[in-house]
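Just below is one structure, and these are the notes that go with it.
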Amino acid sequence: MFDNKWQVYESGIVVWAHIIQANRLLFEPGKDNCPASVVFAPNWRQHVDVEELGHIAHSLYELKGTVPNEPHLRQLAECLTDERARTFGVRIPPSVSGHLRLVESSTFITRKHLPNRVLTLPFFPIVVASQAPYYNFPLPSRFWPEQFIEFWDAQDRY
């Protein structure tokens with residue numbers, strides 16, 4: 001992932017991502033940068049409502065600690081249960097995503113790229129590689145629209 005960082009920033013696309021799970025340290029002030037698991041649509045042409053993305057993220061989080069019968073769901077459940085596993089571009093099956101083409105992927109949250117250095121909201125823009133395995137990084141907040149930064153800062157912590 002880090003070996004491809006500059007390529008992702010130079011030729012990637014910006015889409016919305018929603019946290020499935022993240023290191024708890026990111027939800028409080030501190031210095032640690034940490035990994036997280038996010039869900040997103042790797043195609044910028046596909047409109048995805050962040051609220052719907054949130055419902056799907058919640059459904060995926062509910063897989064943690066389970067052993068589903070469906071192989072794709074089992075893979076996701078195993079990765080979410082093993083919080084040290086790193087995945088990139090794992091397709092979300094239609095049984096969870098419905099009509100949306102979504103993927104789950106690991107990302108790395110660097111606090112200096114968040115407006116208040118804390119995960120305040122469960123969704124944010126990411127820069128994602130335009131091809132599988134969809135390496136991604138949160139879009140630094142200096143590139144966020146001012147209205148979204150104000151909205152982020154006005155919220156209670158996630």
Notebook entry, point to check: In this structure, are over 12 heavy atoms from other groups packed under 6.0 Å from Glu70 atom CD?
Noted result: yes

Item checked: Ile109 side chain reached by Cys34 side chain, heavy atoms, under 4.5 Å -> no

Next item on the list: Give the C-alpha distance, both sets of side-chain angles, the deciding distance and a yes or no for side-chain hydrogen bond (donor to acceptor under 3.5 Å, both in side chains) between Asn33 and Thr110.
Entry: CA-CA 5 Å; Asn33 300 312; Thr110 304; 4.9 Å; no

Margin query: Looking at every non-hydrogen atom in both residues, tell me the closest pair between Arg101 and Pro42 and how far apart they are.
Written below: NH1-CG, 3.2 Å

Next item on the list: Enter the distance from Asp82:CG to Thr87:OG1 here, rounded to the nearest 0.5 Å.
Entry: 10.5 Å

Check: Measuring from Arg142:CZ to His113:NE2, what's the distance to the nearest 0.5 Å?
Finding: 6.5 Å

Next item on the list: With the side chain counted from C-beta on, respond yes when Leu76 and Ile92 share a heavy-atom pair under 4.5 Å apart, and no when they do not.
Entry: yes

Notebook entry, point to check: Looking only at heavy atoms, which two atoms of Ala22 and Leu119 are closest? And how far apart?
Noted result: CB-CD1, 4.0 Å

Notebook entry, point to check: Given Tyr135 and Phe88, is the ring-ring contact (aromatic ring centres under 6.0 Å, His included) satisfied, shown in steps?
Noted result: CA-CA 6 Å; Tyr135 297 123; Phe88 301 99; 5.0 Å; yes

Notebook entry, point to check: Okay, side chain of Glu52, backbone of Val48: is any donor-acceptor separation there less than 3.5 Å?
Noted result: no

Note to self: Starting from Ile13, can I reach Leu53 by hopping between I/L/V/M/F/W/Y residues whose side chains sit under 4.5 Å apart?
What the structure shows: yes

Next item on the list: Kindly compute the distance separating CD1 (Ile19) from CG (Leu121), expressed to the nearest 0.5 Å.
Entry: 10.5 Å

Item checked: Shortest non-hydrogen separation from Val14 to Pro125 and the atoms involved -> CG1-CB, 4.0 Å

Checklist line | Test item: Asn136 side-chain N/O and Ser106 main-chain N/O as donor-acceptor pair under 3.5 Å | finding: yes

Next item on the list: Give the intermediate values and the outcome of side chain to side chain contact (heavy atoms under 4.5 Å, CB included) for residues Asp32 and Asn23.
Entry: CA-CA 10 Å; Asp32 297 307; Asn23 189 302; over 6 Å; no

Next item on the list: Could you tell me how the ring of Phe148 sits relative to the ring of Phe123: parallel (under 30°), tilted (30 to 60°) or perpendicular (over 60°)?
Entry: tilted

Listed pairs under 3.5 Å, donor-acceptor, residues 60-69 side chains, sequence neighbours left out:
from  : atom 1 : to    : atom 2 : distance (Å)
Glu62 : OE2    : His58 : NE2    : 3.4
Lys64 : NZ     : Gln21 : OE1    : 3.0
Lys64 : NZ     : Glu83 : OE2    : 2.3
Thr66 : OG1    : Leu63 : O      : 2.5

Check: Do Val96 and Leu73 come close enough that some side-chain heavy atom pair is under 4.5 Å?
Finding: yes

Note to self: I'd like to know if Leu25 and Phe27 are part of one continuous hydrophobic network [Ile/Leu/Val/Met/Phe/Trp/Tyr, side-chain heavy atoms within less than 4.5 Å].
What the structure shows: no

Notebook entry, point to check: Do Cys79 and Val90 have side chains that get closer than 4.5 Å, going by heavy atoms?
Noted result: no

Checklist line | Test item: Arg111 side-chain N/O and Val118 main-chain N/O as donor-acceptor pair under 3.5 Å | finding: no

Next item on the list: State which residue, out of Ser141, Pro115, Pro138, fulfils the side chain to side chain contact (heavy atoms under 4.5 Å, CB included) condition with Phe124.
Entry: Pro138

Check: So, Trp16 side chain and Phe40 main chain: donor-acceptor pair closer than 3.5 Å or not?
Finding: no

Item checked: His72, NE2 atom: more than 12 neighbouring heavy atoms under 6.0 Å -> no

Check: Does the pair Val15 and Ile126 meet the rule for a side chain to side chain contact (heavy atoms under 4.5 Å, CB included), with working shown?
Finding: CA-CA 6 Å; Val15 298; Ile126 61 170; 3.8 Å; yes

Notebook entry, point to check: What distance separates Ile56 CD1 from Ser97 OG, expressed to the nearest 0.5 Å?
Noted result: 6.0 Å

Check: For Gly89, does its backbone N or O pair with a side-chain atom of Glu104 as donor and acceptor, under 3.5 Å?
Finding: no

